[in-house]
Amino acid sequence: MRWKTLAAAAIGLAVALPAAAQQQPRNQITIMREIDSDRYDPHRTTALAGGEVLTMLSDTLVSMDFDMRTIRPGLAERWEVSPDGKTYTFHLRRDVTFCDGKPLTAEDVVYSINRWIGRTTPRVTSPVAWRAGNVKEVRAVDPYTVEYELNEPFGELLSQLTQFFGSIVDRATVERLGDNFGVQGFNGTGPYCWASWTPRSELVLTRHPTYRWGPPVLQNQGPAHVERVVWRVIPEAAARVAALQAGQADVAQYIPEAFWDALRRVPTIRTSTQENYFWDVFMGFKVDKPVVSDVAIRRAAHMAVDRVGLARAVWSGHALPARNIVNPNALDYDAQSDAMVPNYDPAAARRLLDEAGWRMGSDGVRVKDGQRATFLMYAINNLANQRAAEIIQQGLRQVGIEMRVQMFDATVAWGRLATQEFDAYILSYPYISATDALSLYWHSRNRPSPNRMNWNDPETDAWLEEARRGVTPEARAQATANIQRRLAEQAPWLTLARNQLAVFSTQRVEGARAHGLYGIGIYRGLDLRVVR
């Protein structure tokens, strides 16, 4: 009800704003978002807020199509892979320049990849260096040819290289700015160039005038149609809706689902969605902690939580209820494991707990061997998590399980989530395939974070390595299927919902098509155009 009231107020507020407030410079587009990034350095941030800007400031060797499966050219116009899957040879375009006019060469690619994986001085430690594969050496064969040699095959290397972590940067600018690279400036080959940044307020980009090497997945390969892009931070959801309505801003993907239906009825607002969007919300259990170490408790939790009702209540029906740990549209999704995930059935949950020796206590909480069926859950404090926690808590209590909840502001939550203080937690995350999703969370070497479940299973580790090394699609698919089935049986993770992506824009602009790579709504921004 609170969100519905806010939505109505926001739609009404826009009507009352003066016409003068609706004017923007003719060839400027303003994109709204909820939060800022800490920096804009592709090798030192994993924030979506950083990535969405970095795809405009920089380029990658290859690009991802809207189907989230097909690899297209980027800075590399073509490439070959050795028969053993260990060496990739990239042939670079010869017409690429950085924003300062310097031509791109193979040495820039070598430096950027080495910086990503921590092989430059001073050393940068990227939290996602594993996405670059097990690198033996990256070398420049000539000014426009790069050999990327791995110690072992990595079947998803090209997919990973489409993400902003693989952005190519200018060494001279990095060395000149040091720790302030991506804070006080940036020099990339992207369609837009760094102009200014006021943290937690706005970041301004200007058109790269000689840019003509955009990915073929877009209609426009460059230069960009728009002279100036302003990324503006507006923390309040209702204010973002009002600004969109009033023409004070042009594009936004950070619109809470409760507003979607109302905005779609507004004739001056366009909506673009992406079916192949992989961003899931889940509750993970630390499998070596009391109570949640019992698989019966974890499977009963699956049976106790009505995920269909939860998706409807928390995301206003604009998120898909989830079962399996991998989205059915993602590469190497395993349908058999989906069928192995317990259905919503509170009566079956009670029977399972009875059979496992968890007897109902006088206070409505089950007990086994003197241990009460209670556990502590951590989450970032926002409205979606608050509501989801309430619904999960109610469902668990009805079968005799008590879930205690602690929520923290985002500024401190990540530190708390790196501890062993809690038994379960709620988070969300993006991925591009089954191997991508499973590699991030389930390898034992990733404990205690991001493997916050403390999952430590030698067979899972072996299957993950097999999937990553898989040269054939069949080998990779079988390995990831084995993992999905193991996790379906053991239930260490209750997948709650699959978020959907919607990008809203005013009639003043065209080309705001939702992409979705790593959650990014507007990819490169080359198709954006002011039409009014």
Side-chain angles (χ1 to χ4, degrees), residues 42 54-98 102-117 131-170 188-191 208 210-223 331 432-433 435-436 468-473 476 515 517-518 523-524 526-527:
L54 284 162
T55 66
M56 292 189 172
L57 287 169
S58 57
D59 292 300
T60 49
L61 284 170
V62 287
S63 60
M64 180 69 77
D65 210 329
F66 284 83
D67 63 1
M68 290 297 122
R69 294 192 180 197
T70 306
I71 308 301
R72 302 292 189 190
L75 293 176
E77 58 187 2
R78 69 184 193 282
W79 55 91
E80 298 98 32
V81 184
S82 62
D84 64 2
K86 294 183 181 181
T87 302
Y88 292 68
T89 303
F90 295 99
H91 302 277
L92 306 181
R93 295 180 60 121
R94 296 169 181 253
D95 58 348
V96 178
T97 61
F98 288 90
K102 172 192 169 186
L104 172 82
T105 70
E107 291 294 346
D108 297 302
V109 175
V110 172
Y111 171 77
S112 298
I113 300 299
N114 279 332
R115 185 171 184 265
W116 179 15
I117 62 177
R131 293 182 183 274
N134 185 351
V135 178
K136 180 178 181 180
E137 183 184 7
V138 181
R139 51 189 172 266
V141 177
D142 61 46
Y144 297 101
T145 307
V146 174
E147 283 187 351
Y148 194 122
E149 186 177 1
L150 301 169
N151 288 310
E152 60 186 18
F154 181 24
E156 293 203 341
L157 177 64
L158 292 175
S159 295
Q160 295 297 345
L161 291 178
T162 67
Q163 304 205 69
F164 72 86
F165 315 110
S167 295
I168 306 306
V169 298
D170 172 44
T189 66
H208 188 167
T210 60
Y211 188 94
R212 290 177 175 81
W213 47 88
V217 304
L218 302 176
Q219 294 179 1
N220 175 34
Q221 275 75 60
L331 182 67
I432 55 176
S433 68
T435 303
D436 187 29
R468 286 171 58 84
R469 292 192 303 265
V471 177
T472 66
R476 186 189 63 239
H515 190 273
L517 180 65
Y518 201 79
Y523 184 62
R524 306 294 186 206
L526 282 163
D527 288 342

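As the structure is a computational prediction, the values presented were derived from the model and not from experiment.
Relative orientation of the Tyr148 and Phe90 rings is perpendicular, given thresholds of 30° and 60° on the angle between their planes. The aromatic rings of Phe165 and Trp116 lie parallel to each other, with less than 30° between the two planes, well short of the 60° mark.
In this structure, Asp108 contributes its side chain and Thr105 its backbone to a donor-acceptor pair below 3.5 Å. The backbone N or O of Arg78 lies less than 3.5 Å from no partner atom in the side chain of His91, so there is not a single donor-acceptor pair. Formation of a donor-acceptor pair under 3.5 Å by the Asn220 side chain with backbone atoms of Asp527 is not found in this model. Although no hydrogens or angles enter the test, the distance criterion places no donor-acceptor pair under 3.5 Å between the side chain of Arg468 and the main chain of Arg476.
Rounding to the nearest 0.5 Å gives a distance of 7.0 Å between CG of Leu104 and CD1 of Ile168. In this structure, CG on Asp59 lies 9.5 Å from CZ on Phe98, to the nearest 0.5 angstrom. In this structure, Arg212 CZ and Thr97 OG1 are separated by 9.5 Å, a value rounded to the nearest 0.5 Å.
Side chains of Thr145 and Thr89 form a contact here, defined as non-hydrogen atoms less than 4.5 Å apart. Side-chain contact between Phe164 and Thr60 is absent, with no heavy atoms from C-beta onward closer than 4.5 Å. Side-chain contact between Met64 and Val217 is absent, with no heavy-atom pair separated by less than 4.5 Å. Contact of the Leu218 side chain with the Phe66 side chain is registered, since non-hydrogen atoms from C-beta on lie closer than 4.5 Å. Between Met68 and His515, the closest side-chain pair of non-hydrogen atoms falls below 4.5 Å. With a 4.5 Å cut-off on side-chain heavy atoms, Pro215 and Arg72 do not count as touching. With a 4.5 Å cut-off on side-chain heavy atoms, Lys86 and Lys136 do not count as touching. Between Gln221 and Leu526 the shortest side-chain heavy-atom distance does not fall below 4.5 Å.
The two residues Arg131 and Phe154 make their nearest non-hydrogen contact at O-CE2, 3.4 Å. In this structure, Asp142 and Ala106 approach most closely via the heavy-atom pair O-CB, 3.3 Å. Closest of all the heavy-atom pairs between Ser167 and Ser112 is O-CB, 3.8 Å. Scanning both residues, Leu161 and Ile113, for their nearest heavy atoms gives CD2-CD1, 4.5 Å. Taking each heavy atom of Trp213 and Arg93 in turn, the nearest pair found is CB-NE, 3.3 Å. Taking each heavy atom of Pro73 and Ser63 in turn, the nearest pair found is O-OG, 2.8 Å.
Annotation for Gln219: atom CD does not count as buried by contact number, only 12 or fewer foreign heavy atoms lying within 6.0 Å.
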Inset, instruction - Determine, stepwise, if the pair Ile71 / Ser159 fulfils side chain to side chain contact (heavy atoms under 4.5 Å, CB included). - result: CA-CA 7 Å; Ile71 308 301; Ser159 295; 3.8 Å; yes
Legend entry - Ile432/Leu517 under side chain to side chain contact (heavy atoms under 4.5 Å, CB included): CA gap, chis, key distance, verdict: CA-CA 7 Å; Ile432 55 176; Leu517 180 65; 3.7 Å; yes
Legend entry - Verdict with supporting geometry, Trp79 and Leu158, side chain to side chain contact (heavy atoms under 4.5 Å, CB included): CA-CA 10 Å; Trp79 55 91; Leu158 292 175; 3.4 Å; yes
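Each of Asp84, Asn134, Val135 was evaluated against Leu150; a single residue qualifies, Val135, per the side-chain contact (heavy atoms from CB on, under 4.5 Å) test. With Leu61 as reference, Leu92 is the one residue of Leu92, Leu157, Thr162 to meet the side-chain contact (heavy atoms from CB on, under 4.5 Å) rule.
Listed by first then second residue, pairs satisfying salt bridge (Lys or Arg N to Asp or Glu O under 4.0 Å) with a partner in residues 159-170 read Lys102-Asp170, not counting sequence neighbours.
Glu137 meets the side chain to side chain contact (heavy atoms under 4.5 Å, CB included) test with Arg139; sequence neighbours excluded.
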